[in-house]
Amino acid sequence: MTATLLLTKLTPPPVREHLIPRTRLVERLARGATVPLTVVSAPAGFGKTTAAVVAAHHLQQTGGLRVAWLTLHETDDDPLRFWRYVGASLQRAGMVENPLVSGLDTPQPPPLPVLLTALLNELATAPAPLVLVLDDYHLIEQPEIHAQVAQLVEAAPPIFHLWIVTRADPPLPLHRLRARGLLLELRSADLRFTAPEAVALLTENLALPLDPAEAARLAERTEGWAAGLHLAALALQGEADPGALLERLLHSDQFILDYLAQEVLNQQPPHLQLFLMQTAILPALCAELCAAVTTSQDAQADLETVIAKNLFLTPVEAPHPGADRLRWVRYHRLFADLLRGHLQRRLPDQVPLLHRRAAAWFAAHSAPDLAIEHALAGEDFPLAARLLDENARHTVMQGQVRTVERWLARLPAEWRTRLPRATLAFAWALLLR
């Protein structure tokens with residue numbers, strides 16, 4: 001399996017101490033261990049992943065189920081790469097044997113239908129009931145993958161349960177599963193914080209100086225949106241007069257996300273605002289990488305400050321071999337989106353330069369996949385072309401033809417003609433396909 005992971009893929013985020021017990025939500029999701037498919041579908045910031053993590057933890061503790069976790073990324077929209085990670089997550093949970101995973105890692109793996117049949121046979125004899133969680137499934141677009149996932153759901157044994165966490169309904173036969181009572185669905189309305197839950201979160205767990213009536217009004221203003229409540233908490237915690245800020249928030253016509261993000265950013269010193277925006281282009285952060293991208297001698301201290309302030313950070317595993325000795329974190333995706341938006345508006349000329357620095361760092365640290373992604377984003381076509389030509393054959397031999405196809409499509413036409421090894425490898429892959 002390729003080791004250049006953009007995010008933690010096979011380990012769910014930790015269950016955080018400040019979470020409040022949302023018993024109704026956990027009990028509802030726990031019913032996902034009785035049906036083949038559970039779909040948790042809502043826009044960004046509704047706490048979908050957190051709900052799945054808490055419910056999965058509950059099932060492990062009380063129901064004896066095993067949980068296999070896979071966090072997806074845009075680069076996983078390649079059938080062989082997708083199933084390689086699924087196999088690795090199931091192996092990590094102790095549900096499939098090594099030969100199946102090894103078969104996906106061979107230079108010429110068997111056809112995917114053969115491997116899926118083998119997977120279904122192994123699941124039928126699994127030692128314990130299993131939940132497989134596919135987080136961020138909305139990033140998968142290949143119809144071939146959707147068809148294979150549908151096959152897995154409809155042919156899986158009773159002890160196997162699939163949870164799909166997504167921002168949009170997956171193109172699976174949901175209507176057929178719904179009609180047969182084989183589908184559990186949670187949507188925005190289910191994930192919203194109720195007024196009592198919001199009051200408990202803000203006043204008890206986060207210890208904000210709000211009376212219950214103010215907390216309930218804030219819950220109403222955010223419509224129970226988890227990200228809005230947490231952004232409000234960040235803004236209020238650093239405010240000299242939280243009551244005044246709350247009044248502005250409650251009576252503002254500005255979209256609450258933009259308003260709160262601005263409030264949180266404005267509380268930070270200018271150098272830390274710049275650090276946050278510049279490092280938001282990165283899928284994961286460590287001090288060494290931040291220093292290379294920002295060219296700041298204070299990058300390590302700035303990162304430690306951001307971690308100490310808990311500005312929407314999540315610990316992650318090392319994204320490539322050789323980086324295990326470093327401490328890695330990532331921004332919450334919604335917060336990263338906001339920071340990148342501010343960067344694009346305030347310092348648009350810096351965006352390609354930051355990507356180029358990231359590409360150079362990853363290239364120097366034996367992470368060609370990540371280096372190619374950043375080089376293409378920064379329009380560093382010479383570096384992208386060189387890395388692509390050097391690594392395309394290996395990537396194709398791993399079965400990730402569509403990954404190479406996507407990289408080639410993002411290169412300008414004049415650069416594609418300069419890649420003899422890459423185009424030859426791609427041509428052979430198309431011929432075999």
Side-chain angles (χ1 to χ4, degrees), residues 10-13 15 19-42 46-72 83 86-87 89-96 116-117 119-138 140 145-192 194 197:
L10 306 181
T11 305
V15 178
L19 293 176
I20 65 168
R22 304 181 71 189
T23 306
R24 63 174 182 88
L25 199 55
V26 171
E27 291 177 349
R28 179 90 184 275
L29 256 176
R31 288 177 49 205
T34 64
V35 294
L37 178 62
T38 295
V39 174
V40 184
S41 178
F46 270 87
K48 302 181 292 297
T49 298
T50 299
V53 167
V54 174
H57 181 74
H58 172 75
L59 287 174
Q60 285 179 303
Q61 297 298 315
T62 62
L65 274 78
R66 299 191 186 184
V67 175
W69 188 280
L70 176 58
T71 299
L72 296 164
W83 289 108
V86 169
S89 66
L90 293 171
Q91 182 186 21
R92 184 171 182 146
M95 302 304 291
V96 299
L116 282 176
T117 300
L119 174 60
L120 287 166
N121 290 336
E122 285 209 47
L123 290 175
T125 60
L130 167 75
V131 172
L132 169 62
V133 185
L134 299 180
D135 194 14
D136 286 341
Y137 189 82
H138 55 274
I140 301 301
I145 298 178
H146 296 313
Q148 292 160 350
V149 170
Q151 177 189 348
L152 176 66
V153 170
E154 298 199 89
I159 63 171
F160 176 79
H161 312 281
L162 178 64
W163 292 9
I164 288 180
V165 182
T166 177
R167 293 184 185 181
D169 281 1
L172 304 177
L174 300 183
H175 60 287
R176 186 163 67 241
L177 294 168
R178 189 182 296 120
R180 294 165 56 193
L182 303 178
L183 172 66
L184 174 67
E185 299 171 90
L186 273 77
R187 302 190 178 278
S188 303
D190 305 297
L191 295 166
R192 295 183 193 279
T194 64
E197 289 172 342

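Counting from 1, the numbers follow the sequence of the chain as shown.
Salt-bridge check for Arg24 with Glu197: passed, with a basic side-chain N closer than 4.0 Å to an acidic carboxylate O. In summary, Glu154 and Arg180 engage in a salt bridge, as defined by a charged side-chain N under 4.0 Å from a carboxylate O.
Counting heavy atoms from C-beta on, the side chains of Thr49 and Thr71 never come closer than 4.5 Å. The shortest side-chain heavy-atom distance between Leu130 and Leu65 does not fall under the 4.5 Å cut-off. Put simply, the side chain of Trp83 reaches to within 4.5 Å of the side chain of Leu116, judged on heavy atoms. Between Trp69 and Val53 the shortest side-chain heavy-atom distance falls below 4.5 Å.
A donor-acceptor pair under 3.5 Å is absent between the side-chain atoms of Thr50 and the main chain of Gly47, judged by distance alone. Remark: the backbone N or O of Ala168 is not paired with any side-chain donor or acceptor of His138 at under 3.5 angstrom. Side-chain atoms of Arg22 come within 3.5 Å of backbone N or O of Leu191 as a donor-acceptor pair. Between the side chain of Lys48 and the backbone N or O of Ser41, no donor-acceptor pair lies under 3.5 Å.
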### Task
Evaluate the side-chain contact (heavy atoms from CB on, under 4.5 Å) criterion for residues Leu184 and Arg28: first the C-alpha distance (whole Å), next the side-chain angles of each, then the deciding distance (0.1 Å), finally the verdict.
CA-CA 9 Å; Leu184 174 67; Arg28 179 90 184 275; 3.9 Å; yes
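Considering every non-hydrogen atom in both Ala42 and Arg187, the closest pair reads CB-C, 4.5 Å.
Residues satisfying the ring pair (Phe, Tyr, Trp, His ring centres under 6.0 Å) criterion with His146, sequence neighbours excluded, are Tyr137.
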